Amino acid sequence: MQSLSARLLLSVSVLLLIFFSTSTVVLENAFKHATERAIHDRLVIQLNMLLSAADVPDEGELRLPESLPEARFSIPGSGLFGQVTDATGALVWRSPSSVGVFVPLADSLTPAAQVFTEEVATDGTPVFALSEGIEWVVSDDETRFYTFSVAEDEESFLAQVRDFRARLLTLFGALTLLMIVILAVILRWVLSPLRRLSREVDDIEAGRRSELGSGYPRELEGLTENANRLIHMEIQRINHYRNTLGNLAHSLKTPLAVIRNSLLPLPSESAGSIGEQVDRMNSIVRYQLQRAAAFGGATLGRDPIQVDRMARMVKESLDKVYADKHPECQLELDPDARFFGDEGDLTEVLGNLMDNAYKYSESRTAVTATSRESEKHTRPGLSIRIEDDGPGIAADDVRRVLSRGVRADEQVDGHGIGLAVVRDIVKMYGGRLEVSGSGLGGACIDVTFEPF
């Protein structure tokens with residue numbers, strides 16, 4: 001899970017689920033206890049009603065009237081049961097509602113003892129039962145002991161619990177969804193600066209802007225200011241580096257020219273030897289400066305380079321240089337192909353490769369450039385292919401040709417310095433350079449920059 005918003009929402013959702021589930025269990029248990037207490041109190045009232053309706057004549061056993069204050073005692077299947085037993089546990093009275101149903105009730109309790117239990121009737125109905133021992137004074141010299149019991153089925157209790165549970169689940173479910181929606185809105189608002197920062201970084205990488213904007217929250221101000229400072233310092237460093245290299249190259253031209261002109265009065269053999277060394281020095285300096293210049297590939301805050309525009313410019317120049325060969329160069333350039341780097345680096349790559357193709361071809365060359373799109377990356381990649389109909393490069397020479405330029409004395413033959421500089425530039429951008437045979441009959445150079 002890569003999204004911070006999704007992680008936060010998932011974490012909060014889990015916490016809310018745990019909280020509301022625990023609350024549901026706690027509240028349901030509290031409701032059960034409160035309802036059981038209410039049922040107990042109601043059974044106490046029912047038991048007292050039976051006790052107030054009972055009568056013990058001087059000459060007989062305890063009796064209860066046929067018509068009781070609570071009519072459900074007289075209705076079979078009403079769910080309310082009553083029973084009276086004597087000190088020996090013998091049944092004295094049972095309510096008409098108990099017909100066909102036996103409820104296991106306490107049958108012998110000591111006076112003032114009270115028992116509240118859950119029982120199961122013979123028909124499988126769960127009931128709450130309340131029994132109490134009663135001491136009945138019949139006369140001054142006679143006391144009898146009875147156990148009064150009442151019971152009520154749990155259907156109404158269970159119905160109330162189910163209804164309460166359903167209400168809790170509905171309420172807490174709605175609250176959970178509402179809180180998640182509210183949190184999602186809050187998170188979207190809170191994280192909006194990060195999304196803005198991400199968009200601006202993408203714009204900088206794509207060259208649509210040169211720095212991050214302002215107005216970020218305090219927590220991000222340090223990050224954005226330091227990032228802008230780093231971008232500016234990097235651009236200044238690259239520009240200073242390039243300017244320094246340009247100044248160095250310009251400074252070396254004059255001493256080398258002076259040395260060459262100083263060779264004219266010398267004997268031809270000495271002048272030739274020293275001139276050769278001067279040419280070597282000039283080539284070494286030029287090559288090393290080209291390699292160093294290839295290091296400047298910083299592109300933060302710069303527009304991507306249109307490959308088709310640069311390729312056509314190079315083609316126009318080379319058509320003039322090699323006009324005596326009547327070159328035929330076929331261009332297949334994707335208008336969406338972009339190079340995310342320094343314009344000088346792209347010019348170096350296209351210039352060297354196309355120059356080699358023109359130089360070693362019979363007459364035909366081909367340049368292809370395509371964009372390499374990727375949904376997972378901000379910047380598309382780029383593929384460049386340059387072919388010619390010349391003698392090509394033997395498979396055994398590919399490794400040697402690509403490694404040319406490492407030693408200065410090997411960089412003047414064949415594809416030496418051009419391919420060496422191109423190799424360094426492509427490697428600096430994380431790309432690949434491959435040499436193979438062309439369908440035109442000569443060499444084929446593939447340069448690939450992956451999306452990122």
Side-chain angles (χ1 to χ4, degrees), residues 27-166:
L27 290 175
E28 183 178 335
N29 287 333
F31 179 78
K32 283 183 178 180
H33 291 311
T35 306
E36 288 179 1
R37 184 63 188 173
I39 292 175
H40 173 272
D41 294 341
R42 188 165 65 243
L43 290 178
V44 169
I45 294 174
Q46 299 291 354
L47 189 143
N48 289 334
M49 289 173 60
L50 284 181
L51 187 59
S52 63
D55 182 33
V56 180
D58 294 339
E59 72 283 357
E61 291 291 336
L62 181 143
R63 294 181 300 179
L64 283 112
E66 294 182 3
S67 178
L68 295 171
E70 175 56 68
R72 288 193 297 162
F73 281 121
S74 303
I75 302 173
S78 66
L80 182 62
F81 313 101
Q83 174 181 292
V84 180
T85 57
D86 60 17
T88 63
L91 182 63
V92 175
W93 176 85
R94 178 179 292 170
S95 65
S97 60
S98 302
V99 174
V101 179
F102 174 74
V103 180
L105 301 173
D107 52 14
S108 180
L109 294 178
T110 58
Q114 191 178 85
V115 177
F116 180 70
T117 59
E118 288 187 65
E119 305 292 346
V120 179
T122 54
D123 62 353
T125 303
V127 298
F128 289 108
L130 176 65
S131 301
E132 184 176 358
I134 302 297
E135 181 181 2
W136 197 291
V137 180
V138 178
S139 61
D140 294 340
D141 57 354
E142 183 179 1
T143 299
R144 298 180 184 178
F145 298 95
Y146 298 97
T147 299
F148 279 69
S149 300
V150 292
E152 185 175 8
D153 66 28
E154 298 183 11
E155 181 58 35
S156 62
F157 166 77
L158 296 176
Q160 292 180 59
V161 172
R162 287 194 297 269
D163 182 66
F164 184 75
R165 183 188 300 121

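Below, each value reflects all heavy atoms present in this structure, side chains not excepted, and no hydrogens, waters or symmetry copies. Just so it is clear, the structure is predicted and the values come from calculations on it, not from any experiment.
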(message) Do Lys32 and Phe164 make a side-chain contact, defined as non-hydrogen atoms from C-beta onward lying under 4.5 Å apart?
(response) no
(request) Mind checking the CD1-CD spacing from Ile134 to Gln114? Nearest 0.5 Å is all I need. (result) 9.0 Å
(request) Using a 4.5 Å cut-off on heavy atoms from C-beta on, say whether the side chain of Thr147 contacts that of Asp107. (result) no
(request) Could you pull out all residues at least two apart from Thr35 that satisfy side chain to side chain donor-acceptor pair (under 3.5 Å)? (result) none
(request) Check whether any side-chain heavy atom of Val101 sits under 4.5 Å from a side-chain heavy atom of Thr125, and report yes or no. (result) no
(message) If I take atom OG1 from residue Thr85 and atom OH from residue Tyr146, how far apart are they, to the nearest 0.5 angstrom?
(response) 10.5 Å
(request) Taking all heavy atoms of Val103 and all of Val127, pick out the closest pair and write down the distance. (result) CG1-CG2, 3.8 Å
(request) Say whether, by atom type as modelled, one donor and one acceptor occur between the side chain of Ser78 and the main chain of Ser97 under 3.5 angstrom. (result) no
(request) Would you confirm whether Ser108, through its side chain, and Ala87, through its main-chain N or O, come within 3.5 Å as a donor-acceptor pair? (result) yes
(request) Could you tell me which non-hydrogen atom of Leu130 sits nearest to which non-hydrogen atom of Leu43, and how far apart they are? (result) CD2-C, 3.7 Å
(request) Please assess Arg165 against Val161 for the test side-chain contact (heavy atoms from CB on, under 4.5 Å), listing each intermediate value before the final yes or no. (result) CA-CA 6 Å; Arg165 183 188 300 121; Val161 172; 3.7 Å; yes
(message) Within the 4.5 Å heavy-atom criterion, are Leu64 and Phe73 side-chain neighbours or not?
(response) no
(message) Using a strict threshold of under 4.0 Å (side-chain N to carboxylate O), is an ion pair present between Arg162 and Glu155?
(response) yes
(request) Using a 4.5 Å cut-off on heavy atoms from C-beta on, say whether the side chain of Met49 contacts that of Leu68. (result) no
(message) Strictly below 4.0 Å, N to O, side chains only: are Arg144 and Glu142 in salt-bridge contact?
(response) yes
(message) Do Phe157 and Glu36 have side chains that approach each other closer than 4.5 Å (heavy atoms only, starting at C-beta)?
(response) yes
(message) With rounding to the nearest 0.5 angstrom, report the OG to CZ distance, Ser156 to Arg42.
(response) 5.5 Å
(message) With rounding to the nearest 0.5 angstrom, report the CG to CZ distance, Asp41 to Arg37.
(response) 5.0 Å
(message) Which heavy atom of Gly100 sits nearest to which heavy atom of Thr122, and what is that distance?
(response) O-OG1, 4.4 Å
(message) Measuring from atom CD of Gln83 to atom OG of Ser131, what distance do you get when rounded to the nearest 0.5 angstrom?
(response) 7.5 Å
(request) Could you tell me the separation between the CD atom of Glu119 and the CD atom of Glu154, rounded to the nearest 0.5 Å? (result) 10.0 Å
(message) Using every non-hydrogen atom in the two residues, find where Ala129 and Leu105 come nearest and quote the distance to one decimal.
(response) CB-CD2, 3.5 Å
(request) Could you tell me whether a side-chain N or O of Asn48 sits under 3.5 Å from a main-chain N or O of Val44, the two making a donor and an acceptor? (result) yes
(message) Quick check: closest heavy atoms across Ala53 and Pro69, and the distance to 0.1 Å?
(response) CB-CD, 4.4 Å
(request) Starting from the C-alpha separation in whole Å, work towards a yes-or-no answer on side-chain contact (heavy atoms from CB on, under 4.5 Å) for Glu152 and Arg72. (result) CA-CA 10 Å; Glu152 185 175 8; Arg72 288 193 297 162; 3.6 Å; yes
(request) Using a 4.5 Å cut-off on heavy atoms from C-beta on, say whether the side chain of Phe81 contacts that of Arg94. (result) no
(request) Indicate the ring-plane relationship of Phe116 and Phe128, choosing parallel, tilted or perpendicular according to the 30° and 60° boundaries. (result) parallel
(message) For a quick test of reading the model, state the closest non-hydrogen atom pair linking Glu66 to Ser74 and the distance between them.
(response) O-OG, 3.6 Å
(message) Any non-hydrogen side-chain atom of Trp136 less than 4.5 Å from a side-chain atom of Leu51?
(response) yes
